Structures are given as structure tokens and as C-alpha cells.
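From a predicted model like this one, the values you see are computed outputs, not experimental measurements.
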Amino acid sequence: MLVSSDRFVLKILDRSLSYQDINYQLRNLKALNCIYSDALIVAYFEKSFLTDLSEFVEKFPKEDNQVITYLHKNEPILKKIRLLFKMLRYSEDQNKSMSIELAKLIREGTRENNCQKSILHKDSLKSNFKNLIEVELYLRSRYENQLKDGRRGIDYVRPSIDLFLDSLDKQFSHEYYW
């Protein structure tokens with residue numbers, strides 16, 4: 001008999017997010033970074049976020065009495081996790097859908113770049129990965145024109161994205177499960 005457990009970490013609006021949700025988004029971010037080396041969402045949070053998030057997930061305590069201390073010790077990464085999930089929630093609320101053609105391109109990119117196939121689902125993509133792609137598409141549609149000059153990197157639009165995320169952070173209530 002297989003017994004699994006999960007732990008709620010954060011609540012955004014009416015949705016509780018668990019350790020497993022964070023783990024899935026880590027997988028998705030790694031896959032996105034593999035498929036698109038210039039992904040804006042990865043560039044915004046910085047590639048070190050992938051390493052930090054991996055470490056956060058790997059070292060997450062199994063014992064309930066250790067979780068509260070662990071979460072308090074890791075407040076900076078928790079803030080990034082909170083902002084990431086608020087962007088995911090915002091994107092979800094926009095009710096945009098990814099085209100079949102884009103899903104096919106991502107599937108091809110996954111195979112060509114030898115990326116994690118765990119984001120694939122039958123003939124499509126896993127829904128939580130699609131949600132991350134929708135965030136990426138939103139960021140690109142909103143900020144890519146400002147990045148068109150090849151000399152401008154993510155730092156050029158970072159203040160604008162910071163304002164957007166500050167707005168989301170205020171707009172979408174949250175609480176941690178300390």
C-alpha cells in the first residue's frame with residue numbers, strides 16, 4: 001500500500017497551495033528553461049531561483065514540527081514562490097488558452113532539447129505547465145517590445161515587472177500556513 005502526504009504551505013485568495021504544487025512548478029520552470037533559454041519568467045526570478053527552489057524542495061522537512069521553523073528561515077524564497085503563484089493565478093483568471101500549434105512547438109522543443117518529458121500529457125501538455133506558459137506569453141506580450149533592442153536585458157523591464165507584481169501582491173490576498 002502506498003501512502004503519500006502533502007503539506008499546505010500558502011493560500012492565495014481561495015486556493016491552498018501545497019508542497020507538491022511547488023514541486024510541480026519547479027519541474028515546470030526547469031522544463032521551460034530547457035525549452036526556452038530566454039524565458040522571461042526565469043530571467044525575471046533569475047536562474048539562481050531554480051537552484052534555490054530545488055534546494056527548498058529537497059530540504060523541506062518531513063516532520064510537521066520542523067516545517068514552521070523551516071518556512072520562517074526561508075522567507076525570501078517563500079516571497080518569490082508567492083509572487084510566482086500570484087502570476088499563475090492572474091494568468092489563469094485571464095481565461096486565455098494556448099493554441100494547439102504552440103503546444104505542438106513546445107512538445108517538439110521538449111524532444112529536440114532533450115527536456116523533461118514529465119510536462120507532456122498524451123497529445124498535449126500538462127495543465128499546470130500550460131498555465132506557466134500562459135504567464136510567459138503574458139510577460140512577452142507586455143514587455144517584449146521594450147526588450148527588442150538587443151542591448152536591453154531583463155534589467156531594463158524589471159522595474160515594470162516589479163510594479164506589476166507589487167500590484168498583484170496587494171490585489172490577491174495570501175497567507176502562509178505557519
Tell me, please, which residues at least two apart from Tyr90 pass ring-ring contact (aromatic ring centres under 6.0 Å, His included).
-> Tyr138, Phe164
Salt-bridge criterion met for Lys86 and Asp93 (N-O under 4.0 Å) | no
Could you tell me whether the side chain of [Y] reaches within less than 4.5 Å of the side chain of [X], counting heavy atoms only?
{"X": "Ile119", "Y": "Tyr24", "value": "no"}
{"X": "Leu29", "Y": "Leu84", "value": "yes"}
{"X": "Glu55", "Y": "Ile77", "value": "no"}

Tell me, please, which residues at least two apart from Asn65 pass side chain to side chain contact (heavy atoms under 4.5 Å, CB included).
-> Glu63
Would you mind telling me which of Ile22, Leu26, Asn74 makes a side chain to side chain contact (heavy atoms under 4.5 Å, CB included) with Ile81?
-> Ile22
Once the angle between the rings of Tyr177 and Phe8 is folded into 0 to 90°, is it parallel (under 30°), tilted (30 to 60°) or perpendicular (over 60°)?
-> tilted
Could you tell me how the ring of Tyr176 sits relative to the ring of His174: parallel (under 30°), tilted (30 to 60°) or perpendicular (over 60°)?
-> perpendicular
Would Phe56 end up clustered with Trp178 when hydrophobic side chains under 4.5 Å apart are linked, directly or stepwise?
-> yes
Tyr143 and Tyr156: aromatic ring centres closer than 6.0 Å?
-> no
Atom of Ser91, atom of Asn131 and distance for their closest heavy-atom approach | OG-OD1, 3.7 Å
Apply salt bridge (Lys or Arg N to Asp or Glu O under 4.0 Å) to Lys104 and Glu108, showing your working.
-> CA-CA 6 Å; Lys104 284 181 183 176; Glu108 287 172 22; over 6 Å; no
Polar side-chain atom of Glu134 near backbone of Glu92 as donor-acceptor pair, under 3.5 Å | no
Under 3.5 Å donor-acceptor, Asp6 side chain and Ser18 backbone = no
